[in-house]
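Data block below; observations after.
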Amino acid sequence: MLERLGPLRFAFIRRLHRLSVWARAQKRAARGRVLPVKLPSTHPNEPFQIDLGNHRLQYHPGNTTLVVSFENADRPEEEPYGTRKAWGEKFYRGEGVSLLGVFTRTADWYRGKTLIATLEALRDRGFFKGFDHVIMVGGSMGGFAAAAFAPLAPGCTVLSFSPQATIDPARAGWDKRFAQGKTLDWSLPYGDAPQGAKSAGRCYLIYDNLLRLDLRHARMFGPSNDQIIHLKLPAGGHGVAPTLAQMGVIKDISRAMMARNMTAAQFSKAIRGRHKVPRYRRMLALYAINRAHFELARRVCDSSIKIFPNLDFKAIRAKADQAQAARAVAAPKPASHRPGIPTDNITTPQTAQAPQTAPAMPRPARRTLYLHLGVHRTATTNIQATLFRNWPALLQRGYLYPLGVERHIGLINTIFAGDRTASDAARDINDRADAQPSPVHSLILSDEDISMRRDLSPLRGLSDVFDVKVVMALRRQDLWLESWWAQNVKGQWDHRLCHIRWEDFLRERAQFHWIDYKAYIDHIETVFGTGCVIPYVFERDQMPGGPVATFCRQVGIDDISDFKTAGGKNISLTPEMSEFVRHLPYINASMKYRLALIEVAEVVDRQIRIEGGTSLMIPYALRQKIMAGYDAGNTLLAQRFFGEKTLFKDPLPGPDVPVTMPHLPEDPERVMQRLVTPFVQALIDRFDDKI
């Protein structure tokens, strides 16, 4: 019979084979092992479904764009598991794209080992690579997953509505929602949405910036830039997608994001009509009640009653009156929230309650803010990574490392850009300290780029809220210059310095004003007051236990034996490799690929280091001249802060110590064999399986 079917017999046999593979997959899944349906390297043109017990993957073929849709936490409670459609299925299939729906029986935040293994198996078999463009989408729990699973398809586009960064209690214990999700296994992969978003080509975050908890999650992704795009919908509620749908703009906005054409300005223009829809008005009124802006709540309700007489705005207005009456008879309580920022728990019209009348807990005495401003090349990356990873251990000691980021460059940059004041930022992070489950007496902010700014007066407002102490590492200036040139060449973030020759760099050293430590500490004290600086010397013998332990001692933490190590080392390239990279246009690459290229250079650099040599680049006489320019200030600091005659104990390298001037081999063939060929091979090893 098969012979009579002609060419159709091959399709029939392939289908039988797939069915047999599918049957074996179910048996393996039941035993905890996964073997999904084998897929071709290009996007399949037949639908398929993979049942995994608690999860289901359902694929609908379309064009060469793939949308991977994750459900939110409400759908398992609202719609039957077996019959519900993927989140946004009607719209996405109408756009003609291919669609992979990810379904879950419960709100388990996609913490299933079998699900993760299956998605990784699809990745390993080339499923995602078979499409020209992959788009991860979802809202709330699904918005978390859309970003967290972005590494499955590097370079994808993420559309994350009301995203949650994580609900791992170790990192987001301040968010008291989603209690069931906090009991899940957050040690599994793909549990950190901001980390996952780093793999995306572009990640759109659409959220209500007046809903404090959602704003806090969004901030964990970092500031808005070319990769992470913050799209803010004030008073959109936790379900911003339904608000956009009620406005009639969600389809156009989604199309623009899918095409990577949406900007924050375009989004703001698209949502100008939000005052016309009841959902926005309802949330605005409830926010006003929770912030004790009762007159505003009544005005919103009065105008809404005229437009939407059959909705519940009369009941919301009554709640405003009740809340104001209750507040009038209650004991006054201190304002623990900044004007303009609502309380953490915004209730729905059906469950809204009058604000609690019990007095709030008094705020602790004025806290200390330790401002770690570097300088660069003093293990700042390692320190930041360690503080970030050991956030819970710090909190147990009464220290808060806030905002859920390793480095606080985003916060500091917004202050210097004039987007917010230092006083406002200080009140915000002080509120975060108030919200912690255990008392906080100190906070730590770290950003080494602060030290590069000549005028720190924009940060003076931090003193309105905190006792500011500035922690500063002092590295000997000649060694710092050698390391800083190599770092600029390696990282290539500064057009002025990334391609500069070593000799020219040394002639421009006066621009690095911050390593005139005496003058810079004097300036810091004009901003935060005399005695605010806590310096320490970045020399091995003057840092018992290493840089991290030494930094912690400066802020009052003497024992970090329980801290988990975090890596985070940022090592300079050797002089020879630095000279090679100096000629390469890393700066023209996006940050994602620039970091990958840096890793490639480090591979070759490790091969060169095996041969030995020195990283010293300054000849003896010039080194003496450079240090002579800083000696007077260094001596004064040594006497003032350490009671010593000299600041740096390590002697200068003698005239007989060899130095390596950055240069390339004169023989072109030697350049090819020693640098170019290993570099290209490392590129192949790094990217061959990704193209």
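Not measured: the values here are computed from a predicted model. Counting begins at 1 with the first residue of the sequence.
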Could you go through residues 143-152 and list every donor-acceptor pair under 3.5 Å that involves a side-chain atom there, pairing it with any protein atom two or more places apart or in another chain?
none

Give every donor-acceptor pair under 3.5 Å between a side-chain atom in residues 652-664 and any protein atom, sequence neighbours left out.
{"unit_1": "Thr660", "atom_1": "OG1", "unit_2": "Thr614", "atom_2": "O", "d": "3.4"}
{"unit_1": "His663", "atom_1": "ND1", "unit_2": "Met661", "atom_2": "O", "d": "2.7"}

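At a cut-off of 3.5 Å, with distance as the only test, a side-chain donor of Ser457 or Asp455 sits close to an acceptor on the other residue. Under 3.5 Å, the side chains of Tyr190 and Glu120 contain a donor-acceptor pair of N or O atoms. With hydrogens and angles left out, the side-chain atoms of Arg377 and Ser572 include a donor and acceptor closer than 3.5 Å. At a cut-off of 3.5 Å, with distance as the only test, no side-chain donor of Thr574 or Arg609 sits close to an acceptor on the other residue.
Ring orientation note: the planes of Trp480 and Trp514 are nearly perpendicular, at an angle over 60° on the 30°/60° scale. Aromatic ring orientation, Phe580 versus Phe679: perpendicular (interplanar angle above 60°, classes split at 30° and 60°).
Heavy-atom minimum distance, Ile598 versus Gly491: CD1-CA, 4.0 Å. Scanning all heavy atoms of the two residues, the minimum distance from Asp605 to Met577 falls at OD1-CB, 3.4 Å. Of all heavy-atom pairs between Ala218 and Leu205, the closest is O-CD1, 4.2 Å. Between Pro547 and Ala379, the shortest heavy-atom contact is CB-CB, 3.6 Å. Closest non-hydrogen pair, Glu406 versus Gln384, comes out as O-CB, 3.3 Å. What you find for Ser578 and Trp485 is that their closest heavy atoms are CB-CZ3, 3.5 Å.
Asp226 and Arg202 are not joined by a salt bridge, as no carboxylate oxygen comes within less than 4.0 angstrom of a charged side-chain nitrogen. A salt bridge between Arg623 and Glu482 is present, with a side-chain N of the basic residue lying under 4.0 Å from a carboxylate O of the acidic one.
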Between Asp447 and Arg407, is the salt bridge (Lys or Arg N to Asp or Glu O under 4.0 Å) condition met? List the steps.
CA-CA 6 Å; Asp447 172 28; Arg407 179 183 173 192; 3.0 Å; yes

Evaluate Arg540 against Asp650 for salt bridge (Lys or Arg N to Asp or Glu O under 4.0 Å), listing each step before the verdict.
CA-CA 9 Å; Arg540 184 186 300 274; Asp650 293 345; over 6 Å; no

Going through the checks in order, is the salt bridge (Lys or Arg N to Asp or Glu O under 4.0 Å) test met by Asp504 and Arg501?
CA-CA 5 Å; Asp504 297 333; Arg501 294 191 313 149; 3.2 Å; yes

Could you walk me through whether Trp391 and Gln396 pass the side-chain contact (heavy atoms from CB on, under 4.5 Å) check?
CA-CA 9 Å; Trp391 185 89; Gln396 290 177 357; over 6 Å; no

Given salt bridge (Lys or Arg N to Asp or Glu O under 4.0 Å), test Asp562 with Arg397 step by step and report yes or no.
CA-CA 12 Å; Asp562 60 325; Arg397 292 167 167 84; 2.6 Å; yes

Would you check, one step at a time, whether the test ring pair (Phe, Tyr, Trp, His ring centres under 6.0 Å) holds for His408 with Tyr401?
CA-CA 10 Å; His408 298 105; Tyr401 195 68; 4.7 Å; yes

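Heavy atoms of other residues, nucleotides or ligands lying less than 6.0 angstrom from CD of Glu503 number more than 12. Enclosure of atom OH in Tyr593 is not indicated, since only 12 or fewer non-hydrogen atoms of other residues, nucleotides or ligands lie within 6.0 angstrom.
In this structure, His495 and Ile587 have side chains that are in contact, with non-hydrogen atoms separated by less than 4.5 Å. Side-chain contact between Leu573 and Val581 is present, with heavy atoms from C-beta onward closer than 4.5 Å. At least one side-chain heavy atom of Phe388 sits less than 4.5 Å from a side-chain heavy atom of Arg171. The shortest side-chain heavy-atom distance between Phe528 and Val533 does not fall under the 4.5 Å cut-off. Counting only heavy atoms from C-beta outward, the side chains of Met472 and Ser451 never approach each other to under 4.5 Å. Residues Val134 and Val68 have side chains in contact (heavy-atom distance under 4.5 Å, counting atoms from C-beta outward).
Between the side chain of Tyr517 and the backbone N or O of Arg475, at least one donor-acceptor pair lies under 3.5 Å. No side-chain donor-acceptor contact under 3.5 Å links Glu579 to the backbone of Trp502. Panel note: side chain Thr378, backbone Thr380; no donor-acceptor pair is recorded below 3.5 Å. With hydrogens and angles disregarded, no donor-acceptor distance shorter than 3.5 Å links the side chain of Glu448 to the backbone of Val375. The backbone N or O of Gly546 lies less than 3.5 Å from a partner atom in the side chain of Thr550, making a donor-acceptor pair. Between the Arg509 side chain and the Leu506 main chain, a donor and an acceptor come within less than 3.5 Å of each other. Glu539 places a side-chain N or O within donor-acceptor distance of the main-chain N or O of Lys649, the cut-off being under 3.5 Å. Judged by distance alone, the side chain of Gln542 and the main-chain N or O of Leu647 form a donor-acceptor pair under 3.5 Å. A donor-acceptor pair under 3.5 Å links the side-chain atoms of Arg582 to the main chain of His499, judged by distance alone. A donor-acceptor distance shorter than 3.5 angstrom exists from the side chain of Gln492 to the backbone of Tyr586, with no hydrogens or angles considered.
For the pair Arg476 and Phe538, the NZ or CZ position fails the cation-pi test of under 6.0 Å to the six-membered ring centre and within 45 degrees of the ring normal.
Atom CD1 of residue Ile429 and atom CG of residue Leu400 lie 8.0 Å apart, to the nearest 0.5 angstrom. Atom NZ of Lys518 sits about 13.5 Å away from atom NE2 of His523, to the nearest 0.5 Å. A distance of 14.5 Å separates OH in Tyr370 from OG in Ser446, rounded to the nearest 0.5 Å. The OG1 atom of Thr64 lies 8.5 Å from the CZ atom of Phe131; values are rounded to the nearest 0.5 Å. Remark: Ser442 OG to Lys469 NZ distance equals 11.0 Å, nearest 0.5 Å. Within the model, atoms CD of Glu508 and CZ of Phe505 stand 9.5 Å from one another, a figure rounded to the nearest 0.5 Å.
With sequence neighbours excluded, the residues satisfying side chain to side chain contact (heavy atoms under 4.5 Å, CB included) with Leu188 are Arg111, Lys113, Ile116, Asp185. Residues that satisfy the side chain to side chain contact (heavy atoms under 4.5 Å, CB included) test with Ala264, not counting sequence neighbours, are Leu231. Every residue two or more places apart in sequence or in another chain that forms a side chain to side chain contact (heavy atoms under 4.5 Å, CB included) with Ala259 is listed here: Asn261. Residues passing the side chain to side chain contact (heavy atoms under 4.5 Å, CB included) test with Lys564, sequence neighbours excluded: Arg389, Asn390.
Results of the side chain to side chain donor-acceptor pair (under 3.5 Å) test with Arg674 over Glu669, Gln607, Glu576 single out Glu576 as the only residue that passes. Screening Val604, Leu597, Val603 for a side-chain contact (heavy atoms from CB on, under 4.5 Å) involving Leu683 leaves a single residue, Leu597.
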